[in-house]
There are 2 protein chains.
Amino acid sequence: MNSDCTTYHCPVDATLDMIGGKYKALILWHLIGNTLRFGELRKLIPQATPKMLTQQLRELEEDHLIIRTVYPVVPPKVEYMLSDLGNSIRPILETMYNWGADYLRENGLTVSCSMKFPTKDS
Amino acid sequence: MNSDCTTYHCPVDATLDMIGGKYKALILWHLIGNTLRFGELRKLIPQATPKMLTQQLRELEEDHLIIRTVYPVVPPKVEYMLSDLGNSIRPILETMYNWGADYLRENGLTVSCSMKFPTKDS
DNA sequence: CAGAATCCCCTCCGATACTG
DNA sequence: CAGTATCGGAGGGGATTCTG
């Protein structure tokens, strides 16, 4: 998370601190129901440079929202998946998704990527 | 909002863009069911400098989440209240509040200000 | 009372190049 | 493949001072 405070002014700030990073919501969203490799995330979020993607993934890992698994093979293989805590944040993402989608639609704005509301699978 | 894009990569980003500002969630939260003056908001959010408070309020106004009313009197009197759009975002704040409160409790962290979950009044 | 204006630091983040 | 290292610009945000 971004803030190093052990005291927040508001629980909402604590939540925003964990998912408010530049690409964090997008990463979490893509990881819902999927275990993905670094390269797969890069393709899904091409606007993020490797540096930024790594940084955001590390912060999500520090906050225990995702689990990073390194396989000691050559070539390297690293997988990312949601933790239980990460899964518990899904309702927030969905609530924000629905509100944002309504807002964008009512304002005639568009979404550039193919992300859709996930069917309630795993 | 922070981004000037008319195209988002995700509705969640659009939502975060509107409420993710430094003090925006806190401002919106305090305005739920209350019409407040600038000075009252300053007392409720003392960690925000006047400059930052003004900036965040202006952005919330541009995004039509709040309504700013100026009374042409001396001394100046300005009131802020939630718009219909601002009120519509309340479920998001509540969802984030609940998740954040659970998270902080389970991690033994504390909230510094006296903000509580609002009773479901106006 | 409700801000506007200035100054300035410092972090975020993109671009580019390199590595085990 | 999955990163790391380095540089540098833009702007977020604090402290302070001033004003109608």
Side-chain angles (χ1 to χ4, degrees), chain A residues 1-5 8-10 13 16-27 30-31 34-63 66-81 112, chain B residues 1-5 8-10 13 16-27 30-31 34-63 66-81 112:
Chain A
M1 89 189 63
N2 301 313
S3 172
D4 58 355
C5 299
Y8 284 97
H9 290 286
C10 170
D13 284 337
L16 282 172
D17 205 27
M18 296 186 71
I19 66 173
K22 183 99 175 175
Y23 303 110
K24 289 185 182 175
L26 217 35
I27 293 170
H30 284 300
L31 288 178
N34 302 105
T35 296
L36 298 173
R37 300 183 58 173
F38 188 80
E40 293 176 307
L41 283 167
R42 285 201 63 179
K43 282 168 207 149
L44 289 167
I45 313 175
Q47 69 272 26
T49 60
K51 169 190 162 187
M52 283 308 299
L53 193 53
T54 298
Q55 180 191 109
Q56 300 285 296
L57 285 167
R58 289 292 190 282
E59 291 182 9
L60 288 170
E61 188 190 6
E62 280 177 35
D63 291 338
I66 65 174
I67 295 170
R68 178 172 180 264
T69 309
V70 181
Y71 296 90
V73 297
V74 280
K77 175 179 176 181
V78 180
E79 283 186 343
Y80 297 92
M81 59 180 293
S112 66
Chain B
M1 79 190 70
N2 300 315
S3 171
D4 59 353
C5 298
Y8 284 97
H9 290 287
C10 169
D13 285 337
L16 282 172
D17 205 26
M18 296 188 71
I19 66 175
K22 183 98 174 174
Y23 303 111
K24 288 185 182 176
L26 216 37
I27 293 169
H30 283 300
L31 288 179
N34 301 106
T35 295
L36 297 173
R37 299 183 57 175
F38 187 81
E40 294 177 306
L41 283 167
R42 285 202 63 181
K43 282 168 207 150
L44 289 167
I45 312 175
Q47 69 272 27
T49 60
K51 170 190 164 186
M52 284 309 299
L53 194 53
T54 298
Q55 180 190 113
Q56 300 284 297
L57 285 167
R58 289 292 191 283
E59 291 182 10
L60 289 170
E61 188 190 5
E62 279 176 36
D63 291 338
I66 66 173
I67 295 170
R68 179 173 180 263
T69 309
V70 181
Y71 296 90
V73 298
V74 281
K77 176 180 177 181
V78 180
E79 282 186 345
Y80 296 91
M81 60 182 291
S112 66

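Each chain gets a letter, A, B and so on, in the order the sequences are listed, and its residues count up from 1.
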Output the distance between atom [atom1] ([X]) and atom [atom2] ([Y]), rounded to the nearest 0.5 Å.
X	Y	atom1	atom2	answer
Leu57(A)	Ile27(A)	CG	CD1	4.5 Å
Leu26(A)	Leu44(A)	CG	CG	8.5 Å
Lys24(A)	Leu16(A)	NZ	CG	11.0 Å

Report the distance from atom [atom1] of [X] to atom [atom2] of [N], rounded to the nearest whole Å.
X	N	atom1	atom2	value
Glu79(B)	dC1(C)	CD	C1'	13 Å
Arg68(B)	dC1(C)	CZ	P	16 Å
Leu57(A)	dA2(D)	CG	P	11 Å
Gln55(A)	dT4(D)	CD	P	11 Å
Gln56(A)	dG3(D)	CD	C1'	16 Å
Ile45(B)	dG13(D)	CD1	P	14 Å
Arg58(A)	dA5(D)	CZ	P	11 Å
Leu53(A)	dC12(C)	CG	C1'	16 Å

Less than 4.0 angstrom between a side-chain N/O of Arg37(B) and OP1 or OP2 of dC1(C), yes or no?
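For dC1(C), neither OP1 nor OP2 has a side-chain N or O of Arg37(B) closer than 4.0 Å.
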
Counting primed atoms plus P, OP1 and OP2 as sugar-phosphate and everything else as base, spell out the protein contacts along nucleotides 14-20 of chain C at 4.0 Å heavy-atom distance: B, S or - for each nucleotide, 5' to 3'.
BB----B

Looking at every non-hydrogen atom in both residues, tell me the closest pair between Tyr80(A) and Ile66(A) and how far apart they are.
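Scanning both residues, the minimum pair turns out to be CD2-CD1, 3.9 Å.
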
Considering all heavy atoms of both residues, which atom of His30(B) and which atom of Leu36(B) are nearest to each other, and what is their separation?
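Smallest heavy-atom distance, with atoms named: O-CD1, 3.6 Å.
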
Would you indicate what Tyr80(B) reaches in the nucleic acid, counting non-hydrogen atoms under 4.0 angstrom: base, sugar-phosphate, or nothing?
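Sugar-phosphate contact only - Tyr80(B) comes under 4.0 Å of backbone atoms but never of a base.
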
Considering only distance and modelled atom types, tabulate donor-acceptor pairs under 3.5 Å from the side chains of residues 45-56 of chain B, sequence neighbours left out.
{"residue": "Thr49(B)", "atom": "OG1", "partner": "Met52(B)", "partner atom": "N", "Å": "3.3"}
{"residue": "Thr54(B)", "atom": "OG1", "partner": "Pro50(B)", "partner atom": "O", "Å": "2.9"}
{"residue": "Gln56(B)", "atom": "OE1", "partner": "Lys22(B)", "partner atom": "N", "Å": "3.2"}
{"residue": "Gln56(B)", "atom": "OE1", "partner": "Tyr23(B)", "partner atom": "N", "Å": "3.2"}

